[in-house]
Amino acid sequence: QFSKLAHGMCTANYCPPLPEGTMKMQEGEGDTDKGTLEKHVVAPRMFKKLIGGQHPEFSGGKQQDAAEYFRHFLDHMNKVEKKELSRFVASDSPTTASLFEFHQQIKLKCTVTGEVRLSAPEYQNMLDLIVPTKDAINIADVEQYEQEAKKQKIDNGTSIPSSLDNDAPKLNVPFTACLNHYFGDSIVDFKNPSLSGASSECTRNIRFRSFPKYLAVKLNRYILGDNWVPIKIDASVDMPDILDLTGYAREGFLANEVAMPESGADDAMDIASQEADAGIVTQLVSMGFSENGSKRAALATNNSDADTAMNWVFQHMEDPDFNDPIVVEASTAASASNTISTSKINQESIDTLMMITGCNVIQCEVALKENNSDLDGAANWLLSHADVSSITAESSNDNQSNEAVSTSNIPDIGSTGEGRYELMSMISHIGSSVESGHYVCHRKLDDGRWALFNDEKVAVSTKPPKEHAYMYFYRKL
């Protein structure tokens, strides 16, 4: 189905062009002298069903977040291609998901001793940026307009006419501000073994360790309103056609830097085991999120503020371990000093899966591990195996060994390659609410023009809204 979709979009094999002077009729209407059937439209219904059929949100017809769907699509394709791709191409051929994969690395530098610690590389498939509205270059003009509009409403009891409101100044946030917010230094407390385990302030930043062939960039265009309801940010961001991220590559230890000594599990896991800010947790819990999930959000954002923690919640609230208690695993402390890990698989999931499939405990445990504790995915995984009896505890160990081997392909520190990219496409959300609206796509053609894809309508776009899109896709130069 993915191959058919690609052929349908890139060739005329499945979707011939409309004859000149004709228009598309609605589905079900017959051919006429002026109209034509739906055969001139690519409608990937089976593809959508296969990708989202087992997902509690993407299986329905309601609008869902495009970035979440993209991540789900990559995860789904990765699972399928790992099993089936070797039948068609060489076993070492890249998967679809690997084209978007990159690794990042966190650096801690003690402000007292100057010692440095580099974390284990972290896998990513999307550059997830926040739009810092406080850094808008015209924030004074916008605030003045809003104050005048509020004053007029109080004095006259009327709002500004919509025709004039459309001319209201919009926040203009430089893209460099988004990058600085993500890659800039922050201050965290960390127990430095050189200081006998005493906590000290460390500067923390994140850098690329490897660059992907295709880079997906997401701008989080929502903030919390006064009533703690997420609202869409009406701001323009000057996204570049050529994006150079080479300066954000990790060069490793500098010549004058000294590595921070390793320590026991209690010290090495200090960032993961630090206490979540009670104020942030209370605010998130009051909005209906679980206490465990709120603590995860606060810790994952270094107790920065409620808005940042809320943005993290939006991105991770569907994670299978979001509501699980936070458990620090001492065995992984030395290699991943700031990783929060959770309890693996609960007995209730195993019992339910055994009842559904009739498989034994070990087979159900392996299936749940293979599908990140997702019950539906584990059931389908077991039912898709022709010989379930071949699934043993060693199956899980073999898969873990393969994963360990794959991480060895991460480039050495400093081997980050050239991080220059060209904008190739973008996805925009039309609508004022994060709960509803409509998605459209713009793609740059080979001749430099931009094409708009709006459901079945495809047309040349003379002014693509590069400053207002939600997701951007860049091609490595």
Side-chain angles (χ1 to χ4, degrees), residues 65 67 127-156 158-187 204-206 217-241 243-245 247-248 277 279-280 283-284 287 297-298 301-315 423 426-435 437 463-472:
D65 184 78
L127 188 59
D128 209 330
L129 303 179
I130 291 175
V131 179
T133 54
K134 61 181 179 60
D135 295 328
I137 60 178
N138 63 335
I139 190 169
D141 296 336
V142 175
E143 290 179 345
Q144 181 181 357
Y145 178 87
E146 291 177 347
Q147 290 175 359
E148 292 176 352
K150 185 176 181 180
K151 184 176 182 298
Q152 176 177 327
K153 185 175 182 179
I154 294 175
D155 294 343
N156 303 330
T158 59
S159 301
I160 292 179
S162 58
S163 59
L164 298 178
D165 193 52
N166 292 334
D167 297 328
K170 309 297 183 184
L171 291 172
N172 186 357
V173 181
F175 180 62
T176 53
C178 302
L179 293 178
N180 291 337
H181 189 277
Y182 187 88
F183 292 105
D185 291 347
S186 60
I187 301 297
R204 174 190 182 276
N205 62 38
I206 190 168
V217 180
K218 170 192 171 187
L219 292 187
N220 290 288
R221 293 184 175 274
Y222 41 77
I223 57 174
L224 288 178
D226 296 335
N227 57 353
W228 294 100
V229 174
I231 58 176
K232 188 175 179 180
I233 299 175
D234 190 8
S236 62
V237 180
D238 57 336
M239 295 297 293
D241 289 307
L243 176 60
D244 192 350
L245 298 172
Y248 298 104
D277 184 273
I280 296 176
Q283 292 182 37
L284 295 180
M287 299 173 62
T301 56
N302 294 318
N303 291 323
S304 53
D305 55 67
D307 285 349
T308 304
M310 188 63 190
N311 286 330
W312 188 92
V313 169
F314 288 150
Q315 300 164 26
L423 182 63
M426 55 193 175
I427 297 173
S428 304
H429 177 263
I430 301 174
S432 59
S433 172
V434 297
E435 301 295 336
K463 284 191 64 177
K466 288 185 289 186
E467 67 276 12
H468 296 291
Y470 176 52
M471 293 182 65
Y472 300 83

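For clarity, every value in this text was computed on a predicted model and none was experimentally measured.
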Distance, nearest 0.5 Å, that separates [atom1] of [X] from [atom2] of [Y]:
X	Y	atom1	atom2	value
K170	H468	NZ	NE2	8.5 Å
F175	N180	CZ	CG	10.0 Å
I139	E146	CD1	CD	9.0 Å
D65	Y470	CG	OH	3.5 Å
L127	K218	CG	NZ	11.5 Å
D185	R204	CG	CZ	10.5 Å

Practice problem: Apply ring pair (Phe, Tyr, Trp, His ring centres under 6.0 Å) to H429 and list each qualifying residue two or more places apart in sequence or on a separate chain. | Solution: Y439
Practice problem: List in chain and number order the residues that pass ring pair (Phe, Tyr, Trp, His ring centres under 6.0 Å) with Y248, two or more places apart in sequence or in another chain; answer none if no residue qualifies. | Solution: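 For Y248 the ring pair (Phe, Tyr, Trp, His ring centres under 6.0 Å) partners, ignoring immediate neighbours, are F183.
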Indicate the atoms forming the closest heavy-atom contact of [X] with [Y], along with that distance.
X	Y	answer
R221	A235	NH1-O, 2.7 Å
L219	C178	CD2-SG, 4.4 Å
A136	V173	CB-CG2, 4.0 Å
P464	M426	CB-CE, 3.5 Å

Is any side-chain heavy atom of [Y] closer than 4.5 Å to one of [X]?
X	Y	result
L245	L179	yes
P169	Q144	no
L243	L423	no

Exercise. Could you pull out all residues at least two apart from K151 that satisfy salt bridge (Lys or Arg N to Asp or Glu O under 4.0 Å)?
Key: D155
Quiz prompt | By salt bridge (Lys or Arg N to Asp or Glu O under 4.0 Å) - contacts of D141 (at least two apart) | solution =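 For D141, no residue satisfies salt bridge (Lys or Arg N to Asp or Glu O under 4.0 Å) once neighbours in sequence are set aside.
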Exercise. Under the side chain to side chain contact (heavy atoms under 4.5 Å, CB included) rule, collect the residues that match up with P174, sequence neighbours excluded.
Key: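 Expected list: I137, T176, A177, D238.
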Quiz item: Under the side-chain hydrogen bond (donor to acceptor under 3.5 Å, both in side chains) rule, what pairs show up with a residue in residues 127-138, not counting sequence neighbours?
Solution: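 Sorted pair list: D128-N220.
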Quiz item: Do any N or O atoms from the side chain of K232 and from the backbone of G431 form a donor-acceptor pair under 3.5 angstrom?
Solution: yes
Quiz item: Judged by atom type as modelled, is there a donor-acceptor pair below 3.5 Å linking the side chain of Y472 to the main-chain atoms of K466?
Solution: yes
